[in-house]
Amino acid sequence: MTSSTRTFLFGGDEPWSSQDWIASDDRVRGGASHSYLNCDPSSNAARFHGHLDIHALGGAGFASQRTTGDKSWDLTGNDGLELDVKQSDGRKYSITLKDTVLPKRPDGREQSTINWECDFCAPDKGPFIMQWKDFRPTYRGKDKEDAPPLDRSSIKRISIMMRSFFGTQEGSFSLEIASIAAVRAEI
């Protein structure tokens, strides 16, 4: 029989705080999508929601919330991430990790780095696990086959994203998450 050990990153025994998250939507590229992350202290959950517009960028679009500040998580020894969903709209989302955050450009915008992305359709309710092997390296939205392995000892940023997947989804979206945890299987 297999059981799991969880280390909560958000939710669970680590309450959600809106101070830990900031929007990173396609408006930085001239798009019109927008996202929000509302944290509910009474239920210790967070609702990621907004509107995905694919018309301003000709079929493309993304809306995301990412962690703020100079955080760093050591997720070594874990097998992946667990999301515990309170409510889902059944749409396709992505979790993105970064192990490197470069200094901002002179114009104040962030420099691009490799993202480690895992796409998922959340269950209506309950936890599910994304194993490290499910995360693929990308650079500016395209697969990066020659990327170095994800440095799980130094995760600098976590993002929750809704995107068009080349025009296949658009409009309002909502995903309520009870927790995000690093998880390790124990046999």
Side-chain angles (χ1 to χ4, degrees), residues 4 6-29 31-57 59-69 71 73 75 78-98 115-136 138 141 155-183:
S4 297
R6 284 165 198 76
T7 303
F8 291 104
L9 307 176
F10 302 97
D13 59 5
E14 292 296 323
W16 290 88
S17 170
S18 58
Q19 301 299 314
D20 291 334
W21 299 87
I22 189 167
S24 181
D25 302 326
D26 63 17
R27 291 179 286 174
V28 299
R29 296 186 185 153
S33 301
H34 56 274
S35 69
Y36 307 94
L37 190 87
N38 299 112
C39 301
D40 182 356
S42 67
S43 69
N44 198 22
R47 181 174 170 242
F48 172 55
H49 64 104
H51 186 83
L52 181 65
D53 179 294
I54 65 170
H55 303 288
L57 295 175
F62 67 90
S64 69
Q65 291 283 316
R66 66 167 179 82
T67 54
T68 60
K71 295 178 177 56
W73 293 272
L75 304 182
N78 292 286
D79 299 312
L81 294 179
E82 178 187 79
L83 263 68
D84 189 358
V85 175
K86 285 190 80 168
Q87 187 173 10
S88 173
D89 59 12
R91 301 184 81 182
K92 191 174 186 179
Y93 292 87
S94 301
I95 290 287
T96 302
L97 306 175
K98 282 185 180 278
N115 292 321
W116 291 83
E117 300 178 1
C118 180
D119 303 330
F120 65 92
C121 290
D124 289 339
K125 194 173 194 176
F128 69 98
I129 294 173
M130 296 172 282
Q131 296 179 6
W132 298 131
K133 66 179 177 115
D134 299 329
F135 287 82
R136 70 185 197 291
T138 64
I155 302 300
K156 305 285 189 204
R157 185 168 292 159
I158 301 171
S159 301
I160 306 167
M161 180 182 287
M162 161 58 71
R163 60 178 157 194
S164 71
F165 290 101
F166 305 102
T168 61
Q169 58 185 15
E170 66 179 302
S172 296
F173 62 88
S174 179
L175 178 67
E176 191 173 0
I177 306 169
S179 63
I180 299 175
V183 66

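All figures in this text were calculated on a predicted structure; none of them were measured in a lab. Numbers here simply count residues along the sequence, with the first being 1.
- Side chain of Ser174 to main chain of His49: no donor-acceptor pair is present (N/O by atom type, distance under 3.5 Å, no hydrogens or angles).
- Looking only at side-chain heavy atoms (C-beta outward), Phe62 and Ser33 stay at 4.5 Å or farther from each other.
- With respect to the salt-bridge test (charged N to carboxylate O, under 4.0 angstrom), the residues Arg47 and Glu176 do not qualify.
- Minimum interatomic distance between Met161 and Phe48 (heavy atoms only, all atoms of both residues): C-CE2, 4.0 Å.
- By the 4.5 Å heavy-atom criterion applied to side chains, Asp134 and Phe120 are not counted as neighbours.
- By the 4.5 Å heavy-atom criterion applied to side chains, Trp116 and Thr138 are not counted as neighbours.
- In plain terms, the two heavy atoms of Tyr36 and Gly50 that are nearest each other are CD1-CA, 4.4 Å.
- When all heavy atoms of Met130 and Ile95 are compared, the pair lying nearest together is CE-CG1, 3.8 Å.
- The closest donor-acceptor contact from the side chain of Ser164 to the backbone of Gly59 lies under 3.5 Å.
- For Phe10 and Trp21, the gap between ring centers is short of 6.0 Å.
- A pairwise comparison of heavy atoms in Arg163 and Ser94 identifies NH2-OG, 3.2 Å as the closest pair.
- A heavy-atom distance below 4.5 Å is not found between the side chains of Ile129 and Asp79.
- Residues Ala122 and Leu175 come closest through the heavy atom pair CB-CD1, 3.9 Å.
- Using bins of under 30°, 30° to 60° and over 60° for the plane-to-plane angle, the ring pair His51/His34 lands in the parallel bin.
- In this structure the side chain of Trp132 reaches within 4.5 angstrom of the side chain of Leu97, judged on heavy atoms.
- Between the side chain of Asp89 and the backbone N or O of Arg91, at least one donor-acceptor pair lies under 3.5 Å.
- Atom CD of Gln65 and atom OG of Ser24 lie 8.5 Å apart (nearest 0.5 Å).
- Within a 6.0 Å radius of NZ in Lys71, other residues, nucleotides and ligands contribute more than 12 heavy atoms.
- Remark: side-chain polar atoms of Asp26 are not paired, donor with acceptor, to backbone N or O of Ala63 under 3.5 angstrom.
- Proximity of Arg6 to Pro127: side-chain heavy atoms (C-beta onward) are nowhere separated by under 4.5 Å.
- Electrostatic pairing of Arg136 and Asp119 counts as a salt bridge here, judged by a charged N lying under 4.0 Å from a carboxylate O.
- Within the 4.5 Å cutoff, no side-chain heavy atoms of Ser35 are placed close to those of Met162.
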Exercise for the section: Decide yes or no on side chain to side chain contact (heavy atoms under 4.5 Å, CB included) for Asn78 and Trp73, but give the supporting numbers first. Expected result: CA-CA 12 Å; Asn78 292 286; Trp73 293 272; over 6 Å; no
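- Atom CG of Asp124 has 12 or fewer heavy atoms from other residues, nucleotides or ligands within 6.0 Å.
- What you find for Lys98 and Asn115 is that their closest heavy atoms are NZ-OD1, 2.8 Å.
- Asp40 contributes no side-chain N or O that, together with a main-chain N or O of Ala45, makes up a donor-acceptor pair within less than 3.5 Å.
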